[in-house]
Amino acid sequence: MYGLGLETRGFNRRTPIVMEEKQRNQYVPQAIEAKWQKIWEEKEIFKAPNPGEDSFDPNKPKFYILDMFPYPSGAGLHVGHPEGYTATDILARFKRMQGYNVLHPMGWDSFGLPAEQYAIQTGTHPAVTTSKNIQGFKKQLKSLGFSYDWSREIATTDPRYYHWTQWIFTRLFDMGLAYQAEVPVWWCPALGTVLANEEVIDGRSERGDHPCERKPLKQWMLKITAYADRLLEDLEELDWPESVKAMQRSWIGRSEGAEVRFRLADRPEEELAVFTTRPDTLFGATYMVLAPEHPLVNEITTPEQREEVAAYQREAATKTDLARTELNKDKTGVFTGAYALNPVFPEDDPRARIPIWIADYVLMGYGTGAIMAVPGGDERDFDFALQYGLKILQVVDGGERPKDPKEAEKKGFVRRVERDGEILECFVGKGVAVHSSNAEISLDGLPTDEAKAKMTQWLESKGLGQAKVTYRLRDWLFSRQRYWGEPFPILHLQDGTIKRVRDEDLPVTLPEMDDFKPSGTFAPPLSKAKDWLETVDPETGKPALRETNTMPQWAGSCWYYLRFMDPHNDKEAWSKEAEQYWGPVDLYVGGAEHAVLHLLYARFWHKVLYDLGLVHTKEPFQKLFNQGMVLSHAYKDSRGALVPVDMAEERGNKFYHKETGEELERIVAKMSKSLKNVENPDDVIRNWGADTMRLYEMFMGPLEASCPWNPDDLPGVHRFLGRVWRLFVPEGKENPPPLRPHLANPGTPDPELEKALHRCIAKVGQDLEGMRFNTAISAMMVFVNEATKRVDQLERTQAERFLLLLAPFAPHLAEELWERLGHTESLAYEPWPSYDPALLVDEEVEIAVQVLGKVRARIKIPKDAEKEFVLSKAKEAVKSQLEGKTLRKEIYVPGRLVNLVAT
RNA sequence: GCGAGAGUGGCGGAACGGCAGACGCGGCGGACUUAAAAUCCGCUCCCGGUUACGGGGUGGGGGUUCGACUCCCCCCUCUCGCACCA
């Protein structure tokens, strides 16, 4: 069994010297890791039985721990992947030892653009690429010793999987939550596809960074807005990072206010609706603004203004959203020539007649695409009014705002500007309504919230408006013009109607195709698969065309956690029984980049499934944890330019440019090919072993923090594992000699070591519950350092218990030593060791003696010494410090310190 | 601009309001060795002092407290998200 993985290549200083290991019985991870991975696989150690199966034990509690499954890219794993995966693996192993039925599966989010792009370039079918990449990923994951139940492996590209993705879509369709609409979407000419808003950043595609443009196209939409309130409310009960909840809340962007309908002057038949969160400021509305694209613009614009308005509209249309928002300081707009009537004033009151402008600071996509402008209460309106000399009225005063106007301005509550000798103010906060009354209603003196309610009520009673809630969240653009995605189970009949494919005709599989090139038109690739495209409606026998759009990559990841519960079910997506037992996911670990979209979409689908009675919980993921990013180092020269890692060399504690000799600053940067600082997990495993890799990933720092990968730190954790090895295995040439003889049988535990072990058990257990892997490892190092100093005193049962603690972290090493101790079964299901709290405290403790909060001495006292005794000992110890002072106060914190307050 | 989070040795990072710097890297010294590697042991926040010890110290400034890395207020820097959302 020795001799595996021994490289004859040259060693660099990162490579542990493994020469002569045979003679010395050294720790050689390469010699044991493959062996244990094979045993776990062959004996199906980590297979989790489902309810109803023979080996299922219903008395055990369940724990469903899930990783965000990866897109199997051609590049393979990078060192960032195993960080989260190692953490979940440790917890899965820990929970198994604690007696849980653990569901810990892995699969592939395998639809997606790169495989299709590759197909376009090389002609290799995406299915081939995908399958190859999956094999590569799987091999890499296995080489890390993860305890996944591989019998549950799924891939979103498998027709046996997307059968049910389509099935869920048909439920959405039946519920009226899936619909088609002509919407302006991002069209990316380079990719030949439409992209979702979230896939376009600053007018360029997220993948490939190609320019994109807006085009109106018929698209499938999912009515996620119907679930906006529930998606918002149910965040409350989730054990998720606050930052993720905050991001989802702002993404949903619920805002409460009122819709107000303004009549147009001289056009009694037309109305203009606006949304406002401040109906209480209606008396201050001195003009209105429409988005340039607003349908009413052309109708109301007067002949004299027509040319100017049209020019402005043209200009706005060519601007991207970015360009429109970038200039957010300089407001631009054009008067339409038309006027509206502010409903709070009588028609013949000159104050009622307010001008209607168009401006691109008003967005068509939000609210009604029109606003009532209250320059005295809104900064944007204030800017605009100043720009174009529009009237500014004060309608809110007091409240949070300081009385003195100068003071108020200084503290940022108001902005004050002088115009034509008049002081104009803008106050956006809450306060008390002023100058807000007419013959029927007066808000004057009312605090903002009451004024809002009163005004809304008045508007309703007059038929002028009503309370309204608006969301920033849009319906979800759900179709893509790609080949490598789930086909929609939809038929287009000749009469123009559409119907969904019957359940018994699912799945609609992707047709084989040779030509993946974009057509150059908006027609998706599937429209070229003629035989597939043209079909018959099985119910009527009439010809029908298949839908040629495909679903976005998000679709498959919306419900994969459910399929894992019952992955081979060919009768239904999952059985009720399996979902009742395993759901919800207890812990979901992944990167923060999925904070909004994936998690929001999955929550949406889950709620729909809940409404259909198909799942029993309102939310899919009870606890969410975001692991940090694994960063790397790079260098920066004096001009601030980044320098790749291979161009820098270290001398002393400083870094210099290899060619210019210039001193460089070492910085932390994201891994990138250009900086040559990408670390490859395969190299680490080959050189150091999987257990070292796992341990290092966890020892870098807290899981949630991002920190730099530093290869120089690898020897540290590797040395630790070597020390563990030597606690069990004597140096020597014997073969087999694999165990220190005194460990063969139980002996008398050394009491000090026993205490140290109990402290270790307690700390590791608590840290695992709190996901503090780095400090758990540190606790084990402390114990091993202790044990190394008295190797011969380490007794068999102590050694065993320690191995069990180590097992979740370094499972190969632990299994190997467990076997050498004479065990024939895997330790994967051994009970987690327990500790005696009484042993955590030493008989004699050292405490600090402070005088005025400064430590002046340390004394040793029995652990349960009387207060009086401790105080007198303490005073004795700091006698010189107390001389000539009066003792004012004595504080004793048992087991910690004494603080003597003397002046 | 708004929201969230973070600033601790040469480096990664530890510290229920109670001895700042656990553990690891690096560095220094020692043991073993013909020698080196590996391994083992010790030291390693900064300043002064041979030691004893003294002084300073957790981005900056205030505050609460017997006692603050930790709690409160103000400011600075960095990271992430949102960004004319009416």
Side-chain angles (χ1 to χ4, degrees), chain A residues 16-20 24 26 241-247 249-251 253-255 257 274-278 281 289 321 324-329 331 359-363 365-374 377-381 383-384 470-472 592-593 595-596 629 633 650 652-654 666 668 695-696 699-702 704-717 719-720 722-723 726 731 772 774-782 785 788-789 791 846-858 888-893 895-902:
Chain A
I17 303 299
V18 291
M19 297 156 59
E20 299 182 57
R24 292 193 182 180
Q26 279 190 347
E242 267 315 308
S243 60
V244 175
K245 289 190 189 182
M247 281 161 73
R249 282 190 196 105
S250 70
W251 191 263
R254 184 181 200 275
S255 64
V274 302
F275 172 73
T276 177
T277 56
R278 294 296 298 268
T281 62
V289 186
D321 278 359
R324 279 172 68 156
T325 58
E326 228 173 12
L327 308 162
N328 64 16
K329 286 276 144 55
K331 300 270 183 295
D360 63 7
Y361 82 92
V362 172
L363 308 174
Y366 188 78
T368 62
I371 60 157
M372 62 178 218
V374 184
D378 183 288
E379 294 224 33
R380 297 153 298 178
D381 298 344
D383 288 337
F384 192 79
T470 299
Y471 302 91
R472 200 184 79 104
E593 66 273 20
V596 178
M629 230 184 309
H633 288 295
E650 185 174 358
N653 272 332
K654 300 195 169 175
R666 185 155 87 158
V668 171
L695 220 54
Y696 174 66
F699 192 60
M700 284 194 299
E704 65 273 24
S706 293
C707 59
W709 180 273
N710 184 2
D712 294 341
D713 286 337
L714 280 162
V717 281
R719 267 200 284 269
F720 163 67
R723 288 177 151 207
R726 281 188 297 277
E731 286 192 50
R772 294 179 295 266
N774 54 332
T775 51
I777 292 167
S778 141
M780 288 188 285
M781 287 174 167
V782 170
N785 289 346
T788 298
K789 283 175 199 167
V791 187
E846 191 184 72
I847 65 166
V849 181
Q850 297 182 333
V851 178
L852 279 172
K854 284 193 192 299
V855 180
R856 296 296 178 185
R858 294 168 215 282
R888 308 271 175 201
K889 203 165 175 181
E890 300 166 344
I891 290 137
Y892 173 48
V893 184
R896 295 271 180 193
L897 54 66
V898 169
N899 190 6
L900 302 171
V901 184

Rounded off to whole Å, could you give me the [atom1]-to-[atom2] distance for the [X] and [N] pair?
| X | N | atom1 | atom2 | result |
| --- | --- | --- | --- | --- |
| A:Leu900 | B:G18 | CG | P | 18 Å |
| A:Arg380 | B:C84 | CZ | C1' | 6 Å |
| A:Lys789 | B:A31 | NZ | P | 19 Å |
| A:Lys854 | B:G57 | NZ | C1' | 10 Å |
| A:Leu695 | B:C23 | CG | C1' | 12 Å |
| A:Tyr366 | B:A83 | OH | C1' | 13 Å |
| A:Phe275 | B:C84 | CZ | P | 17 Å |
| A:Leu363 | B:A83 | CG | C1' | 11 Å |

When you compare [N] with [M], how far apart are their [atom1] atoms, in angstrom units rounded to a whole number?
| N | M | atom1 | value |
| --- | --- | --- | --- |
| B:C84 | B:G21 | C1' | 48 Å |
| B:U50 | B:G17 | P | 41 Å |
| B:G9 | B:G5 | C1' | 24 Å |
| B:U79 | B:G10 | P | 22 Å |
| B:C72 | B:C23 | P | 31 Å |
| B:U34 | B:G49 | C1' | 42 Å |
| B:C2 | B:C75 | P | 11 Å |
| B:U8 | B:G60 | P | 10 Å |

Can you figure out which of [options] approaches the side chain of [X] most closely?
| X | options | value |
| --- | --- | --- |
| A:Thr788 | B:C40, B:C25, B:C66 | B:C40 |
| A:Asp713 | B:G24, B:A4, B:A86 | B:G24 |
| A:Met781 | B:A86, B:G24, B:G13 | B:G24 |
| A:Arg856 | B:A86, B:G54, B:G12 | B:G54 |
| A:Lys331 | B:C84, B:A20, B:G18 | B:C84 |
| A:Cys707 | B:U39, B:G12, B:C84 | B:G12 |

Please state whether the phosphate of [N], meaning OP1 or OP2, lies under 4.0 angstrom from any side-chain nitrogen or oxygen of [X].
| X | N | answer |
| --- | --- | --- |
| A:Arg888 | B:G67 | no |
| A:Thr470 | B:C85 | no |
| A:Asn710 | B:G13 | no |
| A:Arg472 | B:A86 | no |

Base, sugar-phosphate or nothing for [X]? Non-hydrogen atoms, less than 4.0 Å.
| X | value |
| --- | --- |
| A:Glu846 | base |
| A:Pro241 | nothing |
| A:Asn774 | sugar-phosphate |
| A:Arg723 | sugar-phosphate |
| A:Val893 | base |
| A:Glu379 | nothing |
| A:Ser250 | nothing |
| A:Arg726 | sugar-phosphate |
| A:Arg772 | nothing |

side-chain hydrogen bond (donor to acceptor under 3.5 Å, both in side chains) partners for A:Thr775, two or more places apart: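 A:Thr775 satisfies side-chain hydrogen bond (donor to acceptor under 3.5 Å, both in side chains) with A:Asp767 once adjacent residues are dropped.
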Pairing residues for A:Arg719 by the side-chain hydrogen bond (donor to acceptor under 3.5 Å, both in side chains) criterion, not counting sequence neighbours: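 Applying side-chain hydrogen bond (donor to acceptor under 3.5 Å, both in side chains) to A:Arg719 gives none.
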Heavy-atom closest pair, residues A:Gly701 and A:Asn774: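 Closest approach of A:Gly701 to A:Asn774, heavy atoms only: C-ND2, 3.6 Å.
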Closest non-hydrogen atom pair, A:Val791 against A:Arg726: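 Looking at all heavy atoms of both residues, the shortest contact is CG1-O, 4.5 Å.
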Parallel, tilted or perpendicular: ring planes of A:Tyr696 versus A:Trp709, cut at 30 and 60 degrees: perpendicular
Syn or anti conformation of B:G49, syn meaning chi within 90° of 0: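 What B:G49 shows is an anti base, its glycosidic angle lying more than 90° from 0.
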Watson-Crick or G-U counterpart of B:G1, or none if no pair lies under 3.5 Å: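 B:C82 is the nucleotide pairing with B:G1.
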Opposite nucleotide pairing with B:C23, Watson-Crick or G-U, both atom distances under 3.5 Å: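 Per the H-bond distance test, B:G12.
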Under-3.5 Å donor-acceptor pair between A:Ser778 side chain and B:A22 base: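 Yes, a donor-acceptor pair under 3.5 Å.
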Side-chain donor/acceptor of A:Asn899 to base of B:C66, under 3.5 Å: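 In this structure, the two groups form a donor-acceptor pair.
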Residue mapping more 5' on RNA chain B - nearest nucleotide basis, A:Pro708 or A:Ile891: A:Pro708
Earlier contact from the 5' end, RNA chain B, for A:Val717 and A:Gly853: A:Val717
If I take atom [atom1] from residue [X] and atom [atom2] from residue [Y], how far apart are they, to the nearest 0.5 angstrom?
| X | Y | atom1 | atom2 | value |
| --- | --- | --- | --- | --- |
| A:Ile371 | A:Tyr366 | CD1 | OH | 12.5 Å |
| A:Phe720 | A:Ile777 | CZ | CD1 | 7.5 Å |
| A:Asp383 | A:Glu379 | CG | CD | 6.5 Å |

